[in-house]
Undergrad: 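Quick one: the structure is below, and I'll ask about it shortly.
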Amino acid sequence: MSDDCLFCKIIAGDVPSDAVAENEHAYAFRDLTPQAPTHVLVIPRRHEPDIGSLVEADAEAATGVLRLAKQVADEAGGSYRLVFNTGEAAHQSVFHCHAHVLAGRSLGWPPG
Ligand code: AMP
């Protein structure tokens, strides 16, 4: 846990969140500003700043994130997009690894 990390506080229950699902390694909750009918964030319980650090530090936890993202996407039904914004120039604003699961509408390509 990192003291000043918003998503660590969400994992700890110190900041409220709209829970969707969880497993041993990861927690899924609804994004505060949804960009699609289904917009769920999947975060590892372990604090790592991004998916690259997570997979190097704990590949099992990274798999746990992917498994939970798949479960959330399956429950949403149909096509979906899984996004790991990584680094400021790629629009990462919270530096605790997270996957966005986006579904429920047609999604354009390439992304902006
Ligand atoms: P990113 O820009 O990839 O770092 O995504 C961070 C996401 O976290 C954004 O989509 C925000 O809307 C979302 N977010 C920030 N604070 C909260 C919160 N307290 N609860 C749920 N989602 C949040």
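Ligands are counted one by one from 1 in listed order, and the atoms in each one are counted from 1 as well. The model shown is predicted, which means the values in this text are computed figures rather than measured ones.
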Undergrad: To the nearest 0.1 Å, how far is atom 7 (C) of ligand 1 from its closest protein heavy atom, and which atom is that?
TA: D31 OD2, 3.5 Å

Undergrad: May I ask you to list the atoms of ligand 1 that are less than 4.0 angstrom from any heavy atom of F7?
TA: 8 (O)

Undergrad: Taking the six-membered ring for Trp, are H100 and H98 closer than 6.0 Å centroid to centroid?
TA: yes

Undergrad: Heavy-atom contact check, 4.0 Å cutoff: does F95 meet ligand 1?
TA: no

Undergrad: For the residue pair L54 and F84, establish whether any side-chain heavy-atom pair is separated by less than 4.5 Å.
TA: no

Undergrad: Is the shortest side-chain heavy-atom distance between F95 and C5 below 4.5 Å?
TA: no

Undergrad: Taking N or O atoms only and a 3.5 Å limit, does H100 qualify as a polar contact for ligand 1?
TA: yes

Undergrad: Would you say R30 touches ligand 1, if touching means a heavy atom closer than 4.0 Å?
TA: yes

Undergrad: Please identify which atoms of ligand 1 are closer than 4.0 Å to at least one heavy atom of H91.
TA: 1 (P), 2 (O), 3 (O), 4 (O)

Undergrad: For a side-chain contact (heavy atoms from CB on, under 4.5 Å) check, start with the C-alpha distance between L66 and L82, then their side-chain angles and the critical distance, and finish with the verdict.
TA: CA-CA 9 Å; L66 292 176; L82 188 59; 4.0 Å; yes

Undergrad: Kindly say whether N23 contributes a backbone atom to a donor-acceptor pair with the side chain of R45 at under 3.5 angstrom?
TA: yes

Undergrad: Should the proximity of L41 to ligand 1, defined as any heavy atom under 4.0 Å, be assigned to the side chain, the backbone, both, or neither?
TA: side chain

Undergrad: Among protein heavy atoms, which lies nearest atom 5 (O) of ligand 1, and at what distance?
TA: H98 NE2, 3.1 Å

Undergrad: Identify, for atom 16 (N) of ligand 1, the protein heavy atom at the shortest distance, and state residue, atom and that distance.
TA: L6 CD2, 3.4 Å

Undergrad: With a 4.5 Å limit on heavy-atom distance, are the side chains of I10 and Y27 in contact?
TA: yes

Undergrad: Heavy-atom distance under 4.5 Å between the side chains of S17 and R30, does that happen here?
TA: no

Undergrad: Give the residue and atom name of whichever protein heavy atom lies nearest to atom 4 (O) of ligand 1, and the separation in Å to one decimal.
TA: S93 N, 2.6 Å

Undergrad: Taking A26's backbone N and O only, do any of them form a donor-acceptor pair with E24's side chain (distance below 3.5 Å, no angle check)?
TA: no

Undergrad: Short N/O distance, under 3.5 Å, between H39 and ligand 1?
TA: no

Undergrad: Nearest protein heavy atom to atom 23 (C) of ligand 1, by residue and atom, and its distance?
TA: L32 CB, 3.8 Å

